[in-house]
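Okay, so here's the structure we're looking at.
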Amino acid sequence: MAMFTMDRGALKCRYKSETLWLLPWGESGLRVLARHMGEPVLHDYALLPQPETESRVEIAADRASIAVGDLRAEVRFCADRPDRLTVSYYNQRGELLLAERGGTDALKIRPRRFRPLPGGACQLLVQFEAQAGEKLYGMGQYQQETLNCKGSFFELAQRNSQASVPFVLSSRGYGFLWHNPAIGRATFGENLTEWVADDTDQMDYYLCCGDTPAKILERYSAAVGRAPMMPEYGLGFWQCKLRYWNQEELLRVAREYHRRGVHVDVIVIDFFHWPYMGDYRFEEEFWPDPKAMVAELKSMGMQCMVSIWPQVSYQSENFAEMDREGYLVRSDRGEDVQFRKGQENVMFFDFTNPEARAWLWELVKKNYYTYGIETFWLDEAEPEYGVYDFENYRYHAGPVMQVGNLYPQAYARAFYEGQKKEGQKDVVNLLRCAWAGSARYGALVWSGDVHSDFPTLRKQICAGLNMGLAGIPWWTTDIGGFVGADARDPAFHELLVRWFEWGLFCPVMRLHGVRDPRVQVQTKSGEARLNSGADNEIWSYGPECEAIFTRLIAMRETMRPYTRELMRQAHETGAPVIRTLFFEFPDDPAAWDRKDEYLYGPDVLVAPVAEAGARQREVYLPAGASWTDLADGTSYPGGQTLLVEAPLHRIPAFLRNGAHAEWVGALEPKAE
């Protein structure tokens, strides 16, 4: 029989070659670890140490249990396989939440399988019984028009436009974090749920329960850390394009916004403002006086954000030192060229190395921060290898196959800790990827280099909602999409307007993209530099679009106090800024199935128009509230579906229970 023991409030089980631990981890939460031929290790990948929590442990000859708050776990032998331990989880009412797959004598299946790999690590497979009617949400950002994850497969790996954050929230009342940064996969089948780490040393997951989605997110976010308070300049409109290629162009755009009386909170200097990748400084010919530039922008109420890339060119003035000190990612075979950008062969900076993080921050501080630049665009945060051969790369923290998904969190951490060290109170940095725990380092994630079309727009709505449910409340997109748009095309103008309308009700409202036709850039000596895209300001698409964009930005300013309150809620409770209908209305069954509308905070229901040519759309109003049309002030009872008019200038939106009545009509064109 197994040996069950209680150790400082934890339940520990040892049987044959396996050691299994169930540790109290915060309010109504358990951290569950298992290791083959050894004792588990408490890796600090994402889970934070928690205050001591009271537990109740009961031990019998053939089973044991541990209860923490509303959560109870039972460990027992399989009925027909007395050599296999399984774990089941129950809420305070004794209702089954989740159970490991039971073994059978004929199939000889174990719920936790460690398959040895050369070198001592294992491939780990953990299976749970599927529950009829269960709905699952979260998992981060995947490019699919899917909100409910049930029936879906997920690659546990980071890619451009894919952010794997392995947390799911269940309609059965629990949250589950796969606390393992290894490359792997998750499958939520009708018959089984399966988690796989392709190369790891142990099993490690966290489970909590709660009677509402809000309570589950509150408990989970406490375990991995919540977003700091969003700085004031994160609440308004951000202006960006690929790319402002010199100081005068950037200032000309900023001055024009200021002249027109359109407030811009952040204006962005994109990549290749440097001589070579890895130099981490401005190229003097194009940016002769960054300090004066930043000062002028601040005088107009604008923060300056600069792009940082983790790629380091062999030609960089810093390459030799980084290479010598071991600050770069290594290839286990072949040449150490992990990406080619133009004519440059590059390697990636290793943010999992604490010494490397500190070293790079000092360089960034010298060349950017001292000029007054206090917010950074941390691009390529996956990182984006030229070929995603994960088994070929190695970080300071370990082989990428074992720890690869940790990279974007470590990237955010490097800058957050540097900025806090300088005394900066509130930190927000823009990243193209995230993992569990990224939120606590001020990570604002955007959805990557997505295409400019309506199908892609629809995918972003689902991606943003699932990111919030995975514990990443700060999220945004490139308004209009990143690539594939001609600035002169009327069809793109329609898409841009619809995306801009949706951007009004995103956590951060940020215009970006590379528009055709491109503009060639050269140095005075005739040396080619990266091209710039066409103009991408609100006046670049004609007077009709400009009028709509201007009203939307003004509305964002009107909503500033409300948006600030949503950011406070994210900071204090982990609540997403954009919320699925069921987050606020869990007792309405229909709310669990709506993937094309959502709530901006508790009070504003938003139904984006994401079909080309559409001038109407259906909107479901959740039961349990009354809803006021933002356009004309008409009030409707909840629990019904309406066909709503949606001319080009209007995004269907409704206010809950009479809230913010002063906003009604604000987005409608004013009569001449």
Side-chain angles (χ1 to χ4, degrees), residues 269-288 290-291 306-371 373-386 392-400 403-404 406-422 424 429 431-433 441 523 527 529-530:
I269 300 171
D270 203 345
F271 65 168
F272 284 89
H273 60 267
W274 48 72
Y276 293 103
M277 303 187 79
D279 286 349
Y280 299 108
R281 64 177 176 85
F282 289 103
E283 187 165 14
E284 293 87 348
E285 178 179 333
F286 302 107
W287 308 91
K291 185 175 182 179
V306 297
S307 175
I308 301 288
W309 275 46
Q311 296 182 359
V312 179
S313 170
Y314 276 64
Q315 297 169 273
S316 170
E317 62 196 20
N318 299 311
F319 178 83
E321 183 176 1
M322 292 182 188
D323 188 42
R324 181 182 67 247
E325 297 297 327
Y327 295 162
L328 302 175
V329 175
R330 296 296 170 182
S331 301
D332 278 345
R333 62 183 184 275
E335 59 181 337
D336 266 322
V337 176
Q338 295 147 9
F339 197 92
R340 286 186 170 90
K341 193 72 175 179
Q343 302 302 310
E344 296 183 59
N345 292 331
V346 302
M347 298 173 67
F348 283 96
F349 195 82
D350 186 357
F351 285 102
T352 73
N353 183 337
E355 287 187 14
R357 291 198 297 263
W359 180 90
L360 184 62
W361 171 252
E362 290 303 315
L363 186 61
V364 167
K365 174 184 172 182
K366 172 186 174 184
N367 292 333
Y368 297 113
Y369 199 80
T370 55
Y371 297 142
I373 297 169
E374 298 171 343
T375 184
F376 299 92
W377 179 359
L378 308 181
D379 210 334
E380 289 273 322
E382 305 81 24
E384 185 182 6
Y385 293 106
N392 190 34
Y393 307 118
R394 185 175 295 269
Y395 299 153
H396 177 272
V400 168
V403 299
L406 195 63
Y407 189 94
Q409 188 217 77
Y411 195 177
R413 179 179 182 178
F415 281 74
Y416 177 84
E417 291 181 343
Q419 288 161 279
K420 296 300 286 187
K421 180 181 175 183
E422 299 305 318
Q424 189 170 330
N429 294 314
L431 287 96
R432 203 172 69 184
C433 201
Y441 296 123
T523 66
E527 187 177 351
R529 289 291 185 263
L530 186 74

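For reference, positions follow the sequence shown, starting with 1.
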What's the shortest heavy-atom distance between Tyr411 and Ile308, and which atoms? OH-O, 3.0 Å
Side chains of Asn345 and Glu335: donor-acceptor distance under 3.5 Å anywhere? no
Please step through salt bridge (charged side-chain N to carboxylate O under 4.0 Å, His left out) for the pair Lys341 and Glu384, ending with a clear verdict. CA-CA 11 Å; Lys341 193 72 175 179; Glu384 185 182 6; over 6 Å; no
Quick check: closest heavy atoms across Ser307 and His273, and the distance to 0.1 Å? O-CE1, 3.1 Å
Taking Asp323 for its side chain and Leu328 for its backbone only, find out whether a donor-acceptor pair lies under 3.5 Å. no
Could you check whether Glu374 and Gln424, counting side-chain N and O atoms only, form a donor-acceptor pair closer than 3.5 Å? no
Begin from the C-alpha positions of Trp274 and Tyr276 and carry the test ring pair (Phe, Tyr, Trp, His ring centres under 6.0 Å) through to its verdict. CA-CA 6 Å; Trp274 48 72; Tyr276 293 103; over 10 Å; no
Do you know which two heavy atoms are closest between Arg357 and Ala410, and how far apart they sit? CD-O, 3.6 Å
Could you report the tightest heavy-atom contact between Asn429 and Gln419, atom names first, then the distance? ND2-OE1, 2.7 Å
With under 30° as parallel and over 60° as perpendicular, where do the rings of Phe415 and Trp361 fit, or are they tilted in between? perpendicular
So Phe376 and Val306, do their side chains get closer than 4.5 Å, heavy atoms only? yes
Give, for atom CH2 of Trp377 and atom CH2 of Trp309, the distance between the pair rounded to the nearest 0.5 Å. 9.0 Å
Please verify the inter-ring angle class for Tyr368 with Phe282; under 30° counts as parallel, over 60° as perpendicular, anything in between as tilted. perpendicular
Worked check of ring pair (Phe, Tyr, Trp, His ring centres under 6.0 Å) between Phe351 and Phe349: CA-CA 6 Å; Phe351 285 102; Phe349 195 82; 5.0 Å; yes
Name the orientation class of the two ring planes belonging to Phe348 and Phe339 (parallel below 30°, tilted from 30 to 60°, perpendicular beyond 60°). perpendicular
How close do Pro275 and Asp279 get, heavy atom to heavy atom, and via which atoms? CB-OD2, 3.4 Å
Rounding to 0.5 Å, atoms CE (Met277) and CE (Met347) come to a distance of 13.5 Å
At their closest point, which heavy atom of His396 faces which heavy atom of Asp350, and how far apart are they? N-OD2, 2.6 Å
